[in-house]
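Written below as structure tokens is the structure these notes are about.
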Amino acid sequence: MSGCLQSPKVRKKVNKVREITVTRSTTVGEALAMLDKAASGLLLLVRDNTTFERTVTDGDLRRLLLNGKQLDARLVDLPSIESIVVHDNVSRRDALGLMNQHGINHLPVVDRNGHVVQVLDRRDIDRQILLSTPHLGDSEQDFVQEAFRTNWIAPLGPNVDAFERELADYVGMTHAAAVSSGTAAIHLALILLGVTKGDTVFCSSLTFAASANPIVYQGAEPVFIDSDEESWNMSPMALERALAAAEKVGRLPKAVIVVSLYGQSANMDPLVALCERFGVPLVEDAAESLGAKYKGRASGTFGKLGIYSFNGNKIITTSGGGMLVSDDRELIEKAKFLATQARDPAPHYQHSVIGYNYRMSNILAGVGRGQLTVLEERVAARRAVFDRYRSALSDVGINWMPEPEWSFSTHWLTACTIDPATGVSSERLIKALAAEMIEARPVWKPMHMQPVFQHCQYFTGGGPSVSDRLFEQGVCLPSGSNMMMADVDRIIDVIRKTISG
Ligand SMILES: *Cc1c(COP(=O)(O)O)cnc(C)c1O
């Protein structure tokens, strides 16, 4: 192909290579000046003016001078050594492995003809793109500093009260309790609903283990419910089958935990109606869907209790933390009581029930207040990342997690399935991305497939298991709100190359 069609990016790389190319007739002085000017840390010695021979570092030039050569001596006396080079199909991970193995920071990339096309710099390639990283705003520090200034590091305190009020207002619930994690919030929700040994609790199967583990903390038995195709969240049909079966044997669950995955609400109206019909309270695990809406109303506000998580990978974070929300003042007051060691109102330490140490600190609540002020920006940024993926990869056999007309998804994670017709498995795509230092993950492995829950009952909507298929074909792509679009484009390139060959 002719050079005139080269992109500016490629042209820049070629110019850069030219600037650091020397021959045996270059002088030591000229080479030193080039090294100094290019600030590249190395020069490329070529023979016959074209093919690569070896790299030259300032150490090599210093040794020539120490051996008595003058600045006007030519590079003829540089020993011929075999420099490490890579070819242009090298993966970032392999290139880094070579750099580590040989203790070097640069690697020339040569083409089939032995011409250097580019020099890889450790600083450029040693940066992993992660799935979802914390993204702080400008005001977190102010709230935290206020806590320091007033020496209100712990316990509880004004930031906790304010964070609870602000989050409750934001989602449109009347009461909230800030706690140490989303898992703690789910645990408290189950305790408040009276879940105890021998009970059953229904829970979405396609989720993170933290949705279900608190059921077992209470000595109760989880029963897992399949997803539907339209939202990837709990299938109303599967829930109806499970509730009907439970009623038949006189063993209705103490609660139903509905999870809203990857920034998208479950189809709440039919799920709420079913729970009402069978008289079972609903807990919404909205750990991944803060900022999302169902028919215009905030995700996490449809159950008797809702929970959010502020773990480091969530859409906003307090490094670790969670929130329990409800319109029932008594429930939230009881949650706060249980979460602070269940101390009875007495002058001495008196306890009538078992308590927990589950509250959020005043420092972390300060971080949360700051994060809440940028939540909408974070939602917009994550949605923009998703839009970029979707528009650039519309023709390669990727099916995006659907966003039904009743849903406003935050796209906390861009999730998709790979069409089996592409011949590329999700596992292969994830590996190809990992080789380019890009962290992608499979979709959650359903709970009914987990060794620890293998004995538990599982209900589909009647047909084949949807969550099994989503796990088999699903991939979550890096989706951080602080990602650069250039990073998204880099990921898109790798996906295209992997799927379209
Ligand atoms: C993160 C998460 C949790 C747990 O929240 P933590 O704050 O990490 O304890 C629960 N459920 C789901 C679906 C989650 O993604």
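Counting starts at 1 for both ligands and their atoms, in listed order.
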At what distance, to the nearest 0.5 angstrom, does CG of Asp228 lie from CD1 of Ile225?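 Taking CG in Asp228 and CD1 in Ile225, the distance rounds to 12.5 Å.
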Does either side chain, that of [X] or that of [Y], offer a donor lying less than 3.5 Å from an acceptor on the other one?
{"X": "Asp226", "Y": "Ser205", "result": "no"}
{"X": "Thr133", "Y": "Asn482", "result": "yes"}
{"X": "Glu376", "Y": "Tyr170", "result": "yes"}
{"X": "Ser260", "Y": "Tyr294", "result": "no"}

Does [X] pair with [Y] as a salt bridge, N-O distance under 4.0 Å?
{"X": "Arg277", "Y": "Glu240", "value": "yes"}
{"X": "Arg490", "Y": "Asp493", "value": "no"}
{"X": "Glu436", "Y": "Arg93", "value": "no"}

Counting only heavy atoms, which portion of [X] has something under 4.0 Å from ligand 1: side chain, backbone, both, or neither?
{"X": "Ser181", "value": "both"}
{"X": "Thr207", "value": "side chain"}
{"X": "Leu261", "value": "neither"}

Fit a plane to each ring of Tyr262 and Trp232, take the angle between them on a 0 to 90° scale, and name the class: parallel (under 30°), tilted (30 to 60°) or perpendicular (over 60°). perpendicular
Pull out every atom of ligand 1 sitting under 4.0 Å from any heavy atom of [X], numbered as shown with elements.
{"X": "Lys314", "result": "1 (C), 2 (C), 14 (C), 15 (O)"}
{"X": "Ala210", "result": "3 (C), 4 (C), 10 (C)"}
{"X": "Val259", "result": "13 (C)"}
{"X": "Asn311", "result": "7 (O), 8 (O)"}
{"X": "Ala287", "result": "2 (C), 3 (C), 10 (C), 11 (N), 12 (C), 14 (C)"}

Minimum-distance protein heavy atom relative to [atom]:
{"atom": "atom 11 (N) of ligand 1", "result": "Asp285 OD2, 2.8 Å"}
{"atom": "atom 5 (O) of ligand 1", "result": "Ser309 OG, 3.2 Å"}
{"atom": "atom 9 (O) of ligand 1", "result": "Thr183 OG1, 2.5 Å"}
{"atom": "atom 15 (O) of ligand 1", "result": "Glu288 OE2, 2.6 Å"}

Does Gly182, backbone or side chain, put an N or O under 3.5 Å from an N or O of ligand 1?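 N/O-N/O distance below 3.5 Å exists for this pair.
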May I ask whether Gly321 places a heavy atom under 4.0 Å from ligand 1? yes
Can you find a non-hydrogen atom of Gly322 under 4.0 Å from ligand 1? no
Validation row, ring centre Phe163 to ring centre Phe310 under 6.0 Å: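 Under 6.0 Å, so yes.
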